[in-house]
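The residues of the chain are indexed from 1 along the displayed sequence.
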Amino acid sequence: MRGPALLVAGMVLFGLLDANSKLLSGQYGLGQVVFLRYAVLAIALLVARMLRPGAGGGLGTRHPGLHALRAAAMMVSAGGFFLAFRRLSLAEGYLVFFTAPFWVLALAALALREPVPRAAWGWSALAFAGVGLAVAPRLVADAASLSAAGYAFALAATLAYAVTQTVNRRLRGEAGAARVLLWPTLLGLALYGPLAALDWTTPPPRDAALLALNGLFAGAAVVCVAAAFRHADAARLAPFNFVGLPVALLLDLALWGTWPEATTLLGGAVVVFACLRNERAMRRRDAPHAGAGPRR
């Protein structure tokens, strides 16, 4: 269960990151919010390695191309989700994001040549159906105010997130969190720094704390997700992306006073059921190999 548990933790942290970014998006531009996220992450990494030399493992890599691809995908994901949630509610944005397991499974089959059992496709489809059941009434009720641009940004960010997860699986042999954080942090500072300078707004202390918190949320989420793919394959982890649904619903309720409807609760139950059934199916698949022992 270590892989799924780490992915669930990452999804919770990403939910907190998205909600915090949405709160900030009305006062601050894309460049400033994302630049400060990576600036705080760089400072945290530097302080950690000063206090404990070598913390997080080595910084070098034997796969610079994969790290570059992963960092580029993370830049698209960070910018896309920020712009999407500026226009959409968390529930609306997460409806698009919940197509990620399908893209992850497809990329795992095409790029990683990992076998994807039919059960994984089936439980992912059922979980997505639960998400549709949960958010459909709200989408229909708010149809007049939906933003096509918001959905486009959310889709681009979701595809980029799927690429990131696929590369995480390819890099599972590289232990340690430092290199996982370093390369996207450097690219984030380089790309979003000039944008931040163009529309910089000096934040008051409360907003400065929220902006800094984004960096901590992002760093912890990235480490959890990358670690999850070192312990489990895409087929086992895919449905657990849907854990973001109850997180989004709770944050909508806590921050914006949006109460879940009966269909939302029913859809959430379907998501949980699909995740549990998929986990059981993956355990059955792995059980013969776990007890086989070495062969001569």
Side-chain angles (χ1 to χ4, degrees), residues 3-4 6-8 10-11 14 18 63 65-81 84 92-135 151-174 180 184 221-222 224-245 248 267 270-271 273-286:
L6 285 166
L7 186 63
V8 168
M11 295 308 302
F14 274 128
D18 291 332
H63 307 286
L66 289 176
H67 277 282
L69 175 60
R70 178 178 173 275
M74 289 177 66
M75 297 305 101
V76 175
S77 181
F81 281 126
E92 291 167 345
Y94 270 72
L95 174 67
V96 180
F97 171 73
F98 287 136
T99 64
F102 294 100
W103 302 117
V104 170
L105 289 176
L107 288 172
L110 294 173
L112 304 183
R113 304 299 182 187
E114 288 185 355
V116 179
R118 283 183 291 181
W121 289 108
W123 293 124
S124 289
L126 179 61
F128 185 73
V131 171
L133 174 63
V135 301
Y151 281 107
F153 285 128
L155 179 59
T158 298
L159 292 171
Y161 173 80
V163 172
T164 301
Q165 286 203 340
T166 304
V167 177
N168 283 340
R169 184 66 179 158
R170 285 288 302 273
L171 293 172
R172 62 188 181 275
E174 291 192 341
V180 169
V222 167
C224 285
V225 172
F229 278 84
R230 286 199 291 269
H231 294 284
D233 60 21
R236 185 173 187 180
L237 293 176
F240 286 89
N241 287 276
F242 294 103
V243 172
L245 172 63
V270 172
V271 170
F273 174 76
C275 288
L276 293 176
R277 295 297 297 183
N278 183 75
E279 172 66 13
R280 184 177 180 182
M282 292 303 103
R283 283 192 173 190
R284 286 180 174 177
R285 181 199 65 174
D286 296 338

Undergrad: Nearest 0.5 Å, please: how far is CE in Met11 from CG in Leu237?
TA: 11.5 Å

Undergrad: Which heavy atom in Ala109 sits nearest to a heavy atom in Val116, and how many Å separate them?
TA: CB-CG2, 4.1 Å

Undergrad: How long is the span from the CD atom in Gln165 to the CG atom in Leu7, to the nearest 0.5 Å?
TA: 6.0 Å

Undergrad: Test of understanding: with ring-ring contact (aromatic ring centres under 6.0 Å, His included), list the residues that count as partners of Phe229, not counting sequence neighbours.
TA: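 Testing Phe229 for ring-ring contact (aromatic ring centres under 6.0 Å, His included), a comparison that skips the adjacent residues, returns none.
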
Undergrad: Hey, what do you get for CH2 (Trp103) to CZ (Phe97), rounding to the nearest 0.5 Å?
TA: 14.0 Å

Undergrad: In chain order, what residues pass the side-chain contact (heavy atoms from CB on, under 4.5 Å) check against Pro115, with sequence neighbours excluded?
TA: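 Partners of Pro115 under the side-chain contact (heavy atoms from CB on, under 4.5 Å) test: none.
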
Undergrad: For residues 116-125, pull every pair meeting side-chain hydrogen bond (donor to acceptor under 3.5 Å, both in side chains), keeping only residues two or more places apart or in separate chains.
TA: none

Undergrad: For a quick test of reading the model, state the closest non-hydrogen atom pair linking Val271 to Ala127 and the distance between them.
TA: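 So the two residues come closest at CG2-O, 3.6 Å.
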
Undergrad: Between Tyr161 and Phe14, is there a side-chain heavy-atom distance shorter than 4.5 Å?
TA: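 Yes - at least one pair of side-chain heavy atoms lies under 4.5 Å apart.
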
Undergrad: Give a yes or no answer on whether the side chain of Asn278 reaches the backbone of Arg236 with a donor-acceptor pair at less than 3.5 Å.
TA: yes

Undergrad: Which heavy atom in Gly10 sits nearest to a heavy atom in Val225, and how many Å separate them?
TA: CA-CG2, 4.1 Å

Undergrad: For Val167, check side-chain contact (heavy atoms from CB on, under 4.5 Å) against everything at least two apart and list the hits.
TA: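 Result, side-chain contact (heavy atoms from CB on, under 4.5 Å) vs Val167: Leu66, Leu69, Arg70, Val163, Leu171.
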
Undergrad: Which heavy-atom pair separates Ala281 from Ala119 by the least distance, and what is that distance?
TA: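 What the structure gives for the nearest pair is CB-CB, 4.3 Å.
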
Undergrad: If you compare all heavy atoms of Arg170 against all heavy atoms of Ala111, which two are closest, and at what distance to 0.1 Å?
TA: NH1-O, 4.5 Å

Undergrad: Suppose we screen for side-chain contact (heavy atoms from CB on, under 4.5 Å). Which residues come up paired with Val96, at least two apart in sequence or across chains?
TA: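 Here the qualifying residues are Tyr151, Ala154, Leu155, Thr158.
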
Undergrad: How close do Ala232 and Gly3 get, counting heavy atoms only, and between which atoms?
TA: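 Heavy atoms only, the tightest pair is CB-CA, 4.3 Å.
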
Undergrad: I need the Leu107 CG to Arg169 CZ distance, nearest 0.5 Å.
TA: 14.0 Å

Undergrad: Could you list the residues that satisfy side-chain contact (heavy atoms from CB on, under 4.5 Å) with Ala156, not counting sequence neighbours?
TA: none

